[in-house]
Amino acid sequence: MYVDSHCHLSFPELRERLDTIRADMAAAGVDRALCICTTLEEFDDVHALARDHANFWCSVGVHPDTENLAEPTVDDLLERARRPKVVAIGETGLDYYRLEGRSHHEMAWQRDRFRVHIRAARAARLPLVIHTRSASDDTIGILREEGGGEARGVFHCFTESMATAEAALELGFHISFSGILTFKSAEELRAVAHRVPLDRCLIETDSPYLAPVPFRGKVNTPAYVPWVAKQLAAIKGIDPEVVAEATSRNFERLFLGAETT
Ligand SMILES: [Zn+2]
Ligand SMILES: [Zn+2]
């Protein structure tokens, strides 16, 4: 059985065909999923997915790319984090990929928001779901400054260097691999995946985005996460069943150990 540790089932293209997706998940041996929140406005919908389905859990957080919507305080996050089946804070982090002409200096609001999430995670004793893109030095630096290692968590949809993976592992974080691992151009990422210890690996789809080969370009769903496991297994020279088992145990240890209900 497989776990999708990061998906966006509240997004309309997935939410409107949830019954089909759940049937596809069951047929593919994907028995659990973590539904990720990206805005405070979206939280009730994400939380409803977790509340209404025994095999779904959810996070609370505001994505670094979210602009012109509610800015969360530590209390906003903590109040929602107390609800049943909320098992993580995020997704949060830094994304300097789409600066749209702005300097790093002008992205201070992203760094402030990230600090708010780390403080909430420490206060709630919940793990962090970290999104980092073209910003790994600041991401690691802020985590160290804020004691993020105490909260622990996962660097999701990992695409950074081995040096960043090592810094994340040293802070006690897990590394999650997505369908990108199956892309032809991802040689460097496969080299990183080869070196990340299996007991720190998670797998995810980040659906509806980033469908793995052979579905690349299509709408992704949690039912495709076994293709990520298959690729990780090939890289490590082990059976996909071993990856399925290990990543499921890792998921339970990281997220379900902290579950309140
Ligand atoms: Zn992300
Ligand atoms: Zn995401």
Side-chain angles (χ1 to χ4, degrees), residues 3-15 21 30 32-43 45-47 49-50 56-67 69 72 77 80 86-99 107 110-111 113-114 116-118 121 126-136 138-140 142-143 148 151 153-161 164-165 168 173-183 186 189 192 201-212 218-225 228 247 251 254-255:
V3 180
D4 184 355
S5 70
H6 190 115
C7 58
H8 296 281
L9 290 179
S10 59
F11 289 9
E13 58 268 54
L14 298 182
R15 184 68 191 81
I21 289 169
V30 181
R32 292 174 287 184
L34 179 53
C35 302
I36 300 292
C37 178
T38 62
T39 69
L40 285 185
E41 289 79 357
E42 176 195 22
F43 175 77
D45 291 340
V46 181
H47 185 239
L49 286 164
F56 289 164
W57 289 264
C58 77
S59 70
V60 57
V62 178
H63 193 289
D65 286 341
T66 298
E67 293 188 55
L69 289 173
L77 296 172
R80 290 165 178 81
V86 180
V87 296
I89 301 292
E91 60 181 294
T92 182
L94 301 174
D95 192 329
Y96 298 161
Y97 185 72
R98 280 186 219 92
L99 288 175
M107 302 306 279
Q110 251 190 19
R111 294 185 287 275
R113 181 186 291 171
F114 184 28
V116 163
H117 283 77
I118 299 169
L126 288 177
L128 286 156
V129 175
I130 306 272
H131 169 111
T132 185
R133 195 170 184 202
S134 307
S136 51
D138 280 3
T139 301
I140 295 288
I142 290 173
L143 275 174
V154 59
F155 277 56
H156 106 88
C157 195
F158 196 79
T159 52
E160 304 295 323
S161 65
T164 301
F173 278 74
H174 288 64
I175 306 286
S176 180
F177 297 101
S178 68
I180 292 176
L181 204 57
T182 68
F183 294 179
L189 183 61
V192 171
C201 289
L202 293 173
I203 50 173
E204 66 173 83
T205 58
D206 206 7
S207 49
Y209 313 118
L210 299 169
K218 299 209 168 82
V219 174
N220 199 4
T221 88
Y224 292 159
V225 82
V228 179
T247 53
F251 176 84
L254 182 61
F255 292 112

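Start at 1 and go down the list; that is how both ligands and their atoms are numbered. Given the structure is predicted, the values throughout are model-derived calculations rather than measurements.
The Zn ion (ligand 2) has an N, O or S atom of His8 under 2.8 Å away, backbone or side chain. Between the Zn ion (ligand 1) and Cys157 there is no N/O/S contact shorter than 2.8 Å.
Using a 4.5 Å heavy-atom threshold, the side chains of Ile118 and Leu128 count as touching. Looking at heavy atoms from C-beta onward, Val60 lies out of side-chain contact with His47 at the 4.5 angstrom threshold.
A side-chain donor-acceptor contact under 3.5 Å links Thr66 to the backbone of Thr38.
In Asp206, the N, O or S atom that comes nearest to the Zn ion (ligand 2) is OD1.
Atoms CG and CZ, from Leu143 and Phe173 in turn, are 4.5 Å apart once rounded to the nearest 0.5 Å.
With the Zn ion (ligand 1) as the vertex, NE2 (His156) and ND1 (His131) define an angle of 120°, rounded to 10°. At the Zn ion (ligand 2), the angle from OE2 in Glu91 to NE2 in His6 is 90° when rounded to 10°.
Screening His131, His8, His156 for a ring-ring contact (aromatic ring centres under 6.0 Å, His included) involving His63 leaves a single residue, His131.
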